[in-house]
Amino acid sequence: MRAIMVMYDSLNRHMLEPYGCDWTLTPNFCRLAQRAVQFENNYVGSMPCMPARRELHTGRYNFFHRGWGPLEPFDDSMPEILKNAGIYTHLVSDHQHYWEDGGATYHGRYSSWEISRGQEGDPWKADLHVEYSRQSVFRAKQKAGGSGASPRVIQDERNRRFMDTEEKTSQAVTFAAGLDFIRRNHDQDNWFLQIETFDPHEPFYTLPADKALYPHHFTGDADLEADWPPYAPVEEDAETVQHVRYNYAALVSKCDRYLGQVLDMMDQYDLWKDTMLIVNTDHGFLLGEHGWWGKSAMPVYEELAHIPLFIHDPRQPACDGQKRKAITQTIDLAPTLLEFFGVEIPEDMEGRSLTRVIAADEPIRNCAVFGYFGSQVNAADGHYLYMHSGERPEVAVYEYTLMPCHMRQMFSPEQLRNAQLAPPFRFTKGCPVLRVPAKKRRVDTTGFGSALYDLQGGADSNVLEEHPEVVQAMKREICAAMRRSDAPEEVFQRLGFVR
């Protein structure tokens with residue numbers, strides 16, 4: 001048996017044709033939908049990028065105990081478990097967070113790995129002649145200094161000079177490496193390949209051929225920067241918002257094109273008969289919806305939380321082309337792959353194998369629970385989306401870790417001076433962990449207040465006061481998930497729950 005995962009970052013469900021979008025060009029996602037099961041109620045768990053990838057490895061929620069960080073010494077890692085069971089695991093990726101401090105333990109869990117450089121200001125090329133002079137269309141950036149030329153923006157400009165043709169772009173390099181693995185190993189058994197591209201994450205860098213797919217009607221200066229939205233409220237006019245959406249759509253169509261190359265190779269080698277194919281993402285991205293750009297600075301709205309998922313299970317080919325409504329999450333992917341290869345699922349994994357969901361749309365949970373570390377906790381059941389803000393926001397937030405790293409730096413000595421050794425959690429395999437006060441500048445959307453949205457009756461109005469019985473049911477689901485995850489006592493206190 002073999003398995004291929006094609007993973008994207010920030011791929012919006014509502015921007016794909018199989019999920020009902022009528023203006024983006026995604027023919028290969030349509031093609032995929034005919035060769036796989038399409039999941040209608042798939043949700044995030046821990047936001048954003050690396051917290052989601054920790055869930056992909058461990059099959060367990062991350063956000064109750066810590067924010068962005070590496071895999072921990074006590075973590076179960078699905079690729080490593082497969083590797084130790086004799087399944088060859090290979091990662092190809094241009095997701096630059098894997099080679100920063102806060103992601104540095106993920107790629108080493110695979111049998112082998114290959115990286116391609118250049119995404120989002122990745123510290124790659126060193127041409128000091130490059131100057132950045134573009135002015136941004138985004139007013140939040142204008143207020144911060146006009147061009148928004150931070151060191152990362154300037155580095156991204158350097159990188160783009162070396163990705164001036166299609167085959168040099170990082171997504172193209174990543175997929176070429178993944179296709180090469182398939183070409184070399186299609187006649188071998190027992191392997192798992194993860195092809196992971198950072199696209200369509202911002203900045204939405206594409207070449208003219210992809211931009212030409214969409215009718216840009218932007219009337220401003222061609223040198224204006226309009227492909228890197230800030231995580232901020234929308235202050236731009238409707239024409240600018242539409243132009244930014246076209247930039248995102250152009251990158252989605254590029255993602256679709258390279259997905260087509262994987263599907264072509266599945267056809268060429270007749271891999272559909274014995275190879276599982278998973279196509280997924282970590283979270284969505286706001287492109288003006290709810291008056292916001294990006295993520296992190298606002299609540300986890302439906303556009304961020306409700307994400308696409310396609311799975312072809314070669315053991316159940318009759319299910320291809322069908323849709324499933326059961327509530328699923330990122331934590332389910334690790335047990336799904338382990339079960340597919342006949343490898344025992346560790347008891348610490350909270351997710352469930354999706355085999356029965358694929359076969360018969362068998363429910364595996366009442367609702368999805370998700371959120372950012374130290375922030376609101378959310379629940380969605382396919383009908384309602386509930387956002388629960390802490391009832392006691394003054395309660396301190398702590399990170400529990402043996403790998404004290406943030407995204408791009410280690411924990412500072414100042415932060416670690418107040419660390420204490422905490423007793424083990426159920427999933428730490430008897431290991432005590434550091435209990436470290438969280439940084440004050442963490443993501444926290446508590447100030448937005450609790451809210452309830454009716455996903456079937458229009459998700460724009462807060463109907464919290466109209467449905468107290470739904471709110472109570474959602475609170476019970478959140479509390480049950482926290483107990484299953486062995487969430488720290490102060491998280492219960494902050495949210496106003498009783499353990």
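Index from 1, following the sequence.
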[Y] backbone acceptor or donor facing [X] side chain under 3.5 Å:
X: Glu289; Y: Leu287; result: yes
X: Arg417; Y: Ser412; result: no
X: Arg54; Y: Met50; result: no
X: Arg109; Y: Ser77; result: no
X: Asp361; Y: Ala326; result: yes

field: Check: Glu225/Tyr132 side-chain N/O donor and acceptor closer than 3.5 Å
entry: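 Short answer, no.
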
task: Establish, from distance only, whether the side-chain atoms of Thr174 and Glu196 form a donor-acceptor pair under 3.5 Å.
output: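 Glu196 and Thr174 do not have a side-chain donor-acceptor pair below 3.5 Å.
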
If the threshold is 4.0 Å, N to carboxylate O, is there a salt bridge linking [X] and [Y]?
X: Arg139; Y: Asp237; result: no
X: Arg426; Y: Asp348; result: no
X: Glu40; Y: Lys325; result: no
X: Lys475; Y: Glu391; result: yes
X: Asp75; Y: Lys429; result: no
X: Asp156; Y: Arg152; result: no
X: Arg365; Y: Asp332; result: yes
X: Glu362; Y: Arg356; result: yes
X: Glu350; Y: Arg60; result: no

- prompt: Do Lys295 and Asp282 pass the salt bridge (Lys or Arg N to Asp or Glu O under 4.0 Å) test, and can you show the C-alpha distance, the side-chain angles, and the key distance before you say yes or no?
  reply: CA-CA 12 Å; Lys295 58 182 186 289; Asp282 50 1; over 6 Å; no

query: Do Glu236 and His243 pass the side-chain hydrogen bond (donor to acceptor under 3.5 Å, both in side chains) test, and can you show the C-alpha distance, the side-chain angles, and the key distance before you say yes or no?
result: CA-CA 11 Å; Glu236 295 70 37; His243 177 67; over 6 Å; no

- prompt: Under the side chain to side chain contact (heavy atoms under 4.5 Å, CB included) test, which residues partner Phe370, sequence neighbours left out?
  reply: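 Expected list: Tyr43, Val44, Val300, Ala305, Gln329, Ala368, Asn378, Ala380, Leu385.
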
field: Arg13, CZ: over 12 other non-hydrogen atoms inside 6.0 angstrom
entry: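 For Arg13, atom CZ is crowded (more than 12 foreign heavy atoms under 6.0 Å).
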
Kindly compute the distance separating [atom1] ([X]) from [atom2] ([Y]), expressed to the nearest 0.5 Å.
X: Asp76; Y: Ile345; atom1: CG; atom2: CD1; result: 11.5 Å
X: Ser10; Y: Ile307; atom1: OG; atom2: CD1; result: 10.5 Å
X: Tyr205; Y: Asn247; atom1: OH; atom2: CG; result: 12.5 Å
X: Ser93; Y: Phe198; atom1: OG; atom2: CZ; result: 9.5 Å

Ring centres under 6.0 angstrom apart (Tyr384, Tyr386):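 No, ring centres 6.0 Å or more apart.
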
Do you know which two heavy atoms are closest between [X] and [Y], and how far apart they sit?
X: Asp486; Y: His65; value: O-NE2, 2.8 Å
X: Cys479; Y: Val498; value: SG-O, 3.7 Å
X: Val252; Y: Leu16; value: CG1-CD2, 4.0 Å
X: Ala140; Y: Ala232; value: CB-CB, 3.8 Å
X: Pro308; Y: Tyr19; value: CB-CE1, 3.5 Å

message: Which residue in the set Phe138, Phe285, Phe204 passes ring pair (Phe, Tyr, Trp, His ring centres under 6.0 Å) when paired with Trp293?
response: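 Passing option: Phe138.
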
- request: Go through the steps to decide whether His97 and Met407 satisfy the test side chain to side chain contact (heavy atoms under 4.5 Å, CB included), and finish with yes or no.
  value: CA-CA 8 Å; His97 295 309; Met407 181 190 293; 3.9 Å; yes

